Amino acid sequence: ETGVTQTPRHLVMGMTNKKSLKCEQHLGHNAMYWYKQSAKKPLELMFVYNFKEQTENNSVPSRFSPECPNSSHLFLHLHTLQPEDSALYLCASSQGGTNTEAFFGQGTRLTVV
Amino acid sequence: AQSVTQPDIHITVSEGASLELRCNYSYGATPYLFWYVQSPGQGLQLLLKYFSGDTLVQGIKGFEAEFKRSQSSFNLRKPSVHWSDAAEYFCAVGYNDMRFGAGTRLTVKP
């Protein structure tokens with residue numbers, strides 16, 4: 001148990017659906033992250049939030065929309081996804097700023113059909 | 001641009017044998033270095049980290065890693081591997097954000 005909880009653990013959605021992934025941390029961290037992990041590819045950083053402000057968006061398609069209502073919660077809203085978006089989506093948190101280790105949730109396994 | 005390279009995609013060792021997983025980084029300044037482990041279907045767990053000071057760092061589960069500036073390397077080692085160590089291992093470099101290597105999958109033979 002890392003203190004970072006992601007729900008749901010598994011999600012199957014059609015290409016026309018809208019769904020959301022949720023991440024919650026109880027570590028008092030100020031930074032939260034979304035990563036995408038696809039088979040045979042390096043872990044890809046998608047979004048970074050520091051003190052609820054988005055500080056990085058690594059050229060992620062607009063069909064992925066993050067939301068950070070407070071420093072404990074992070075959402076990833078999904079709509080009109082493609083089959084190639086199927087992956088493990090990992091949330092992480094850290095103390096914030098630079099140079100601190102990230103604590104990861106267990107991930108949401110997303111399948112787009 | 002900063003990058004992390006893990007040259008070995010898959011390594012198989014016998015239980016009880018020693019292990020070394022390689023990691024090379026490319027960065028202009030001394031980076032902050034991490035090793036994470038991921039069991040199937042799970043998130044990533046931090047094994048150890050290097051920020052500064054002693055270049056040999058100890059981590060959890062009997063792992064250690066050595067930072068070698070001259071070789072731009074941060075290799076992970078364990079003297080005696082256990083079957084439960086079978087997992088995917090990721091090296092990461094942190095500065096403004098964290099960049100991960102592609103990972104090395106470790107298989108442990110009985």
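Numbers restart at 1 for each chain; the letters A, B, ... are given by sequence-line order, proteins then strands. Everything numeric in this text was worked out from a predicted model, so none of it was measured.
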So which part of B:Leu46 gets closer than 4.5 Å to some heavy atom of chain A, the side chain, the backbone, both or neither?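 The answer is the side chain of B:Leu46.
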Which bit of B:Gln38 comes within less than 4.5 Å of chain A, counting heavy atoms only: side chain, backbone, both or neither?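 Contact with chain A: side chain only.
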Do you know which of A:Gly107, A:Gly105, A:Ala102 has the most heavy-atom pairs with chain B at a distance under 4.5 angstrom?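 Going by pairs under 4.5 Å, I would pick A:Ala102.
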Hydrophobic clusters here meaning ILVMFWY residues chained together by side-chain heavy-atom distances under 4.5 Å, can you tell me if [X] and [Y] are in one?
X: A:Val12; Y: A:Met15; answer: no
X: A:Leu45; Y: B:Phe34; answer: yes
X: A:Leu76; Y: A:Tyr33; answer: no
X: A:Val113; Y: A:Met13; answer: no
X: A:Leu43; Y: A:Phe64; answer: no

Region of A:Gln37 that comes under 4.5 Å of a non-hydrogen atom in chain B: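 Side chain only.
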Heavy-atom closest pair, residues B:Leu44 and A:Phe104: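 Closest approach of B:Leu44 to A:Phe104: O-CB, 3.4 Å.
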Minimal non-hydrogen separation, B:Gln42 against A:Leu88, with atom names: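 What the structure gives for the nearest pair is O-CD2, 4.3 Å.
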Do other residues, nucleotides or ligands put more than 12 heavy atoms under 6.0 Å from B:Ile9 CD1?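 No, CD1 of B:Ile9 has 12 or fewer neighbouring heavy atoms, counting only those of other groups under 6.0 Å.
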For chain A, find its close neighbours in residues 102-110 of chain B: heavy-atom separation under 4.5 Å, sorted by number, or none.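 Heavy-atom contacts from residues 102-110 of chain B to chain A are B:Ala102.
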